[in-house]
Q: 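Structure incoming, see below.
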Amino acid sequence: MADHRMLVVAHRAGNTVDGLRAALASNADLVEADVHLYRGALEMRHSRTLGPRLYWDRSSGVTRRRDVVVPELEEILAVADGDPRLLLDLKGRSLAVAARVAETLRARRPGVPVAVCTKEWPMLDAFAGDANVRRILSVANAVQLARLRARLRGERVDGVSIRLRLLTASVVAELRRATDLVLAWPVDSPAALARAERLGVTGVVTKNV
């Protein structure tokens with residue numbers, strides 16, 4: 001058993017108003033919300049667009065846009081009402097999403113602590129100089145992990161978020177020399193939680209808060 005308390009991140013809970021409220025009312029340390037820039041709007045959703053009328057997600061399949069309620073970032077920020085536990089996961093490849101999110105946070109939540117993560121690490125440069133923003137580098141595959149390890153040999157970062165199956169105890173120990181925050185995802189079962197504890201990560205991203 002690990003000798004430290006792991007942070008708990010409510011996976012995707014911030015993508016709906018009800019999910020956000022429930023996660024904030026729970027013991028979650030952070031509440032993750034996915035941000036897409038689509039047709040000028042910062043939409044809170046994990047699903048991808050299939051043209052102008054359809055969404056697709058691995059868990060739910062294809063859904064019609066008109067049948068899904070998708071909040072925008074400003075609505076989620078209003079519901080959070082200054083709570084510092086938001087973790088915004090920036091999606092897509094365009095750097096424009098990061099610029100828009102940074103602009104919105106400065107206008108709507110100036111100085112309020114918030115975490116931002118993305119697999120597209122250059123996006124995090126949009127928040128350089130924002131002392132209230134914790135910038136987290138996300139890793140989904142072995143190639144990205146190798147790049148991250150090389151980068152962290154000469155640099156400290158605010159945090160990393162890495163797919164659980166990529167991690168070993170030695171890799172986690174290496175990462176913790178460069179950051180205080182090592183999140184593992186997804187951790188949705190007792191077996192996955194036990195593995196995360198053995199590895200020594202400092203937090204887990206889970207649907208089971």
Side-chain angles (χ1 to χ4, degrees), residues 8-26 28-110 112-124 126-127 130 132-140 161 163 183 185-188 204-209:
V8 176
V9 181
H11 193 197
R12 305 183 190 175
N15 289 346
T16 66
V17 168
D18 288 345
L20 174 62
R21 286 177 173 149
L24 291 176
S26 74
D29 296 291
L30 293 170
V31 182
E32 183 196 46
D34 301 303
V35 189
H36 290 261
L37 179 60
Y38 183 70
R39 294 189 170 185
L42 291 170
E43 297 186 336
M44 313 305 292
R45 55 180 168 83
H46 187 267
S47 56
R48 301 178 181 179
T49 55
L50 293 177
R53 296 183 178 86
L54 300 174
Y55 289 132
W56 177 85
D57 185 87
R58 183 173 299 173
S59 59
S60 59
V62 176
T63 54
R64 292 181 299 181
R65 186 180 182 88
R66 67 184 184 187
D67 296 333
V68 181
V69 177
V70 178
E72 295 185 15
L73 177 59
E74 292 204 12
E75 181 179 2
I76 291 299
L77 295 180
V79 173
D81 192 26
D83 194 294
R85 289 178 289 164
L86 284 182
L87 190 165
L88 304 178
D89 191 355
L90 309 186
K91 299 297 187 180
R93 293 182 176 274
S94 171
L95 298 182
V97 63
R100 282 286 307 279
V101 170
E103 177 185 348
T104 301
L105 291 177
R106 290 167 191 150
R108 303 301 182 191
R109 290 170 54 110
V112 177
V114 63
V116 175
C117 74
T118 181
K119 298 181 184 72
E120 301 296 331
W121 304 339
M123 286 190 187
L124 298 176
F127 306 91
D130 294 339
N132 60 308
V133 178
R134 187 168 201 173
R135 299 181 291 171
I136 300 172
L137 290 75
S138 185
V139 170
S161 179
R163 193 184 297 273
L183 300 175
W185 56 272
V187 179
D188 296 327
V204 295
V205 182
T206 178
K207 295 178 182 177
N208 302 320
V209 175

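This is a predicted model, so every value here is computed, not measured.
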Q: Report the C-alpha distance between Glu120 and Lys91 in whole Å, list the side-chain angles of each, state the deciding distance to 0.1 Å, and finish with yes or no for side chain to side chain contact (heavy atoms under 4.5 Å, CB included).
A: CA-CA 8 Å; Glu120 301 296 331; Lys91 299 297 187 180; over 6 Å; no

Q: First locate atom CG of Asp89, then atom CG of Asp34, and finally report the distance between them rounded to the nearest 0.5 Å.
A: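 It comes to 5.0 Å.
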
Q: Using a 4.5 Å cut-off on heavy atoms from C-beta on, say whether the side chain of Leu88 contacts that of Leu73.
A: yes

Q: Taking atom CG of Leu24 and atom CG of Leu30, what is their separation to the nearest 0.5 Å?
A: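 So the gap between those two atoms works out to 10.5 Å.
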
Q: Could you tell me the separation between the CG atom of Asp188 and the OG1 atom of Thr206, rounded to the nearest 0.5 Å?
A: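 It is 4.5 Å, given to the nearest 0.5 Å.
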
Q: What are the two closest non-hydrogen atoms of Val112 and Pro84, and how far apart are they?
A: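 Result for this residue pair: CG1-CA, 4.5 Å.
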
Q: Let me confirm one number: the CD-CD distance from Glu72 to Glu43, rounded to the nearest 0.5 Å.
A: 6.5 Å

Q: Say whether, by atom type as modelled, one donor and one acceptor occur between the side chain of Arg85 and the main chain of Asp29 under 3.5 angstrom.
A: no

Q: Quick check: closest heavy atoms across Ala23 and Ala28, and the distance to 0.1 Å?
A: O-CB, 3.7 Å

Q: Do you know which two heavy atoms are closest between Val209 and Ser26, and how far apart they sit?
A: CG1-OG, 3.5 Å

Q: Can you check whether Ala78's main-chain N or O pairs, donor with acceptor, with Arg108's side chain at less than 3.5 Å?
A: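 Checking the backbone N and O of Ala78 against the side chain of Arg108, no donor-acceptor pair under 3.5 Å is found.
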
Q: Please report the closest heavy-atom contact between Ala126 and Ala102, naming both atoms and the distance.
A: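 Reported closest heavy-atom pair: O-CB, 3.8 Å.
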
Q: If you compare all heavy atoms of Leu86 against all heavy atoms of Ala80, which two are closest, and at what distance to 0.1 Å?
A: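 It is CD1-CB, 3.9 Å.
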
Q: Could you check whether any side-chain heavy atom of Val116 comes within less than 4.5 Å of a side-chain heavy atom of Val35, counting everything from C-beta outward?
A: no

Q: What verdict does the side chain to side chain contact (heavy atoms under 4.5 Å, CB included) test give for Val97 and Met123, after you've listed the backbone C-alpha separation in whole Å, the side-chain angles of each residue and the deciding distance to 0.1 Å?
A: CA-CA 8 Å; Val97 63; Met123 286 190 187; 3.4 Å; yes

Q: Which heavy atom of Pro71 sits nearest a heavy atom of Ile76, and at what distance?
A: CG-CD1, 4.0 Å

Q: Could you tell me whether the side chain of Thr118 and the main chain of Leu90 form a donor-acceptor pair under 3.5 Å?
A: yes

Q: Find out whether Val114 and Asp130 are in side-chain contact, i.e. whether some heavy atom of one side chain is under 4.5 Å from a heavy atom of the other.
A: no

Q: Is there a donor-acceptor pair closer than 3.5 Å between any side-chain N or O of Trp121 and the backbone N or O of Ser138?
A: yes

Q: With a 4.5 Å cut-off on side-chain heavy atoms, are Asn132 and Leu105 touching?
A: no

Q: Would you find more than 12 non-hydrogen atoms of other residues, nucleotides or ligands less than 6.0 Å from Arg106 atom CZ?
A: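 Above 12, so yes.
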
Q: Distance-only, no hydrogens or angles: does the Arg12 side chain make a donor-acceptor pair with backbone N or O of Thr16 under 3.5 Å?
A: no

Q: Counting N and O atoms only, with roles assigned by atom type, does the side chain of Arg45 sit under 3.5 Å from a partner on the main chain of Val70, one being a donor and the other an acceptor?
A: no

Q: Can Arg135 and Leu137 be said to form a side chain to side chain contact (heavy atoms under 4.5 Å, CB included), step by step?
A: CA-CA 7 Å; Arg135 299 181 291 171; Leu137 290 75; 5.7 Å; no

Q: Measuring from His36:NE2 to Ser94:OG, what's the distance to the nearest 0.5 Å?
A: 12.5 Å

Q: Working to the nearest 0.5 angstrom, can you tell me the gap between Glu32 CD and Leu20 CG?
A: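 Between atom CD of Glu32 and atom CG of Leu20 there are 12.5 Å.
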
